[in-house]
Amino acid sequence: MDKFVVRGGNPLLGTIKVSGAKNSALPCMAAAILTEDEVILENIPQVQDIETERKLLTSMGAEVQLGYGRAQHRTHIKCAILSDPVAKYEIVKTMRASSLVLGPLIARTGIARVAMPGGCAIGGRPIDLHIKGLEAMGATITQDHGYLEARTDRLRGAHIVFDKITVTGTEDLLMAATLAEGETLFENCAREPEVTDLATLLIAMGANIEGAGTSTIRVQGVARLHGARHRINPDRIEAGTFLMAGAITGGDLNVDCCEPAHLGSLIAKLEQCGVRIDVGKDNIRVRSGGQLTASDITTEEYPGFPTDMQAQFMALATQAEGTTTVTENIFENRFMHVQELIRMGANITVSGRTATIRGKTSLQSAAVMCSDLRASASLVLAALVADGESILDRVYHMDRGYERLEEKLRGVGAQIRRMGDVFGKK
Ligand code: EPZ
């Protein structure tokens with residue numbers, strides 16, 4: 001099992017490039033199910049979750065080519081024949097975002113069998129809102145030995161108000177609605193940029209969608225969709241992670257190939273902490289502004305402070321003068337990084353959904369355990385400023401959503417290397 005070895009103390013200096021957004025690529029790849037034509041996606045990140053999605057689509061009968069290097073991180077997907085519209089548990093259990101194939105499958109074929117995803121480290125992660133929406137659109141959904149079985153002659157338009165704001169729930173049902181008969185009106189939708197990115201692809205495929213990126217989305221169903229070529233958004237969470245890496249190490253880092261407009265809440269927060277930020281057209285420069293000062297965060301749906309950057313911000317807060325409170329509103333168990341940060345010397349207490357971080361504390365290197373994708377990133381940030389050499393175990397969590405992280409960080413001066421088998425060397 002791979003490990004990272006990180007020696008702290010180096011400020012990050014230079015330019016680091018952001019890859020395509022995993023959380024855009026996953027729904028966009030699933031959208032290819034909606035047509036028998038070829039869909040070409042550019043700027044696909046080379047991360048494990050994308051490989052998992054390739055396996056999933058291939059297992060259903062799709063042709064999927066994943067190119068890297070010269071192929072500019074491009075994928076070609078053709079779902080001409082879906083010979084086996086089943087998302088098998090062996091794959092779904094490794095990536096709960098597999099539930100994103102449910103809506104497209106039922107819309108395209110009238111039948112879908114998708115393994116229930118089960119929970120994960122950060123919470124129960126139910127998909128009841130996906131099911132409720134598909135039933136409102138005329139699907140009959142039954143549960144059978146851990147699988148959801150959905151059937152319909154043809155989905156029909158409906159008025160769907162989400163009880164809770166759900167990103168993949170919005171994406172799953174949006175895809176289903178593109179081929180439903182009549183109009184579907186969605187309210188209380190997720191407004192994340194990944195929803196807008198998916199809608200841009202769907203419209204390029206011939207879908208009739210208005211309002212993506214707002215709370216209200218209106219879809220006029222069409223008979224079929226055709227192929228398209230689409231470039232995936234830059235990964236705002238990876239970009240935010242790099243901004244915090246530059247800030248925590250007191251460096252001077254240019255985060256390139258990103259979309260600053262997607263990072264408004266983090267940029268504002270970092271400036272409140274005393275970090276110097278210069279925003280360009282598709283890059284952001286982060287520099288130390290002297291001693292970091294504490295500033296509270298509460299995670300909210302977009303455009304609020306993202307839950308996917310909460311763990312990384314907590315690491316940064318250990319280096320800020322004063323007391324920071326971090327309140328996690330989205331997931332019920334997203335403080336798995338806290339105990340590991342405490343083992344490195346952080347002063348953190350947790351009460352319910354709020355963690356209190358007292359800084360500034362000098363962090364000591366330690367052997368720590370990664371538990372989920374973003375908690376892992378938090379431990380990397382802490383190790384970059386800890387005194388000595390830290391060992392981070394189970395970095396496969398990071399490989400799910402960060403492309404060549406250790407290479408990118410080494411390129412701007414971090415002392416970080418991977419031990420063990422090399423992940424997916426192409
Ligand atoms: C997406 O997960 C992201 N994953 C997550 O990123 C991200 O943390 C999350 O949105 C919130 O921004 C992908 O896009 C692949 P939700 P998703 O449905 O869609 C509850 C990462 O690190 N809920 O918006 O699964 C749910 O339990 C990952 O890249 C229901 O109750 O999250 C949670 O409390 C981690 N019923 C809240 O809604 C449902 O049917 C928000 O979840 C669906 C969700």
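We're numbering straight along the sequence, starting at 1. Bear in mind the structure is a predicted one, so any value in this text is a computation, not a measurement. For ligands, and for the atoms within them, numbers begin at 1 and follow the listed sequence.
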- Message: Tell me whether the count of non-hydrogen atoms from other residues, nucleotides or ligands lying under 6.0 Å of NE2 in H145 goes above 12.
- Response: no
What pair of heavy atoms forms the shortest contact from [X] to [Y], and how long is it?
X	Y	answer
D256	T15	CB-CG2, 3.7 Å
M175	L100	CE-O, 3.5 Å
A32	I77	CB-CG2, 3.5 Å
V385	T249	CG1-CA, 4.0 Å
L266	G240	CD2-CA, 3.4 Å
L392	A383	CD1-CB, 4.1 Å

For [X], take its heavy atoms, then give the atoms of ligand 1 lying under 4.0 Å from any of them.
X	result
L129	36 (N), 39 (C), 40 (O)
R334	8 (O), 22 (O), 35 (C)
H130	40 (O)
R96	25 (O)
I127	39 (C), 40 (O)

Residue portion contacting ligand 1 (non-hydrogen atoms closer than 4.0 Å) for [X]:
X	answer
E238	neither
T307	side chain
L373	side chain
A97	side chain
K22	side chain
E194	neither
I330	both

For [atom], what is the nearest protein heavy atom, given as residue, atom name and distance?
atom	result
atom 8 (O) of ligand 1	D308 OD1, 2.6 Å
atom 2 (O) of ligand 1	R125 NH2, 3.4 Å
atom 36 (N) of ligand 1	D128 OD1, 2.7 Å
atom 20 (C) of ligand 1	K164 NZ, 3.9 Å
atom 17 (P) of ligand 1	T168 OG1, 3.6 Å
atom 26 (C) of ligand 1	F331 CE2, 4.2 Å
atom 18 (O) of ligand 1	T166 OG1, 2.6 Å
atom 22 (O) of ligand 1	R374 NE, 2.9 Å

- Message: Hydrogens and angles aside, do E63 and H76 bring a side-chain donor and acceptor to less than 3.5 Å of each other?
- Response: no
- Verify whether one side chain among E328 and T307 offers a donor that lies under 3.5 Å from an acceptor in the other. yes
- Task: Report yes or no: does R404 contribute a side-chain atom to a donor-acceptor pair with the main-chain N or O of Q46 at less than 3.5 Å?
- Result: no
- Query: Is the closest heavy-atom distance from E300 to ligand 1 below 4.0 Å?
  - Reply: no
- Task: Decide whether the shortest distance between a heavy atom of E171 and an atom of ligand 1 is less than 4.0 Å.
- Result: no
- Does the ring of F4 carry R418 above it, NZ/CZ under 6.0 angstrom from centre and within 45° of its axis? no
- Below 4.0 angstrom, N of the basic side chain to O of the carboxylate: do E183 and R218 qualify? yes
- Task: Answer yes when D372 and R400 have at least one side-chain N-carboxylate O distance shorter than 4.0 Å, and no when they do not.
- Result: no
- Query: Out of I165, N23, L100, V167, whose heavy atom is nearest to atom 41 (C) of ligand 1?
  - Reply: I165
- Query: If hydrogens are left out, which of P117, P126, P306 has an atom nearest to atom 30 (C) of ligand 1, that is, the closest non-hydrogen atom?
  - Reply: P126
- Message: If the test is side chain to side chain contact (heavy atoms under 4.5 Å, CB included), which one of R374, K22, K408, H397 qualifies with Y402?
- Response: R374
- Could you tell me whether some N/O pair between E332 and ligand 1 is separated by less than 3.5 angstrom? no
- Task: Could you walk me through whether R236 and C258 pass side chain to side chain contact (heavy atoms under 4.5 Å, CB included), step by step?
- Result: CA-CA 7 Å; R236 62 189 170 96; C258 69; over 6 Å; no
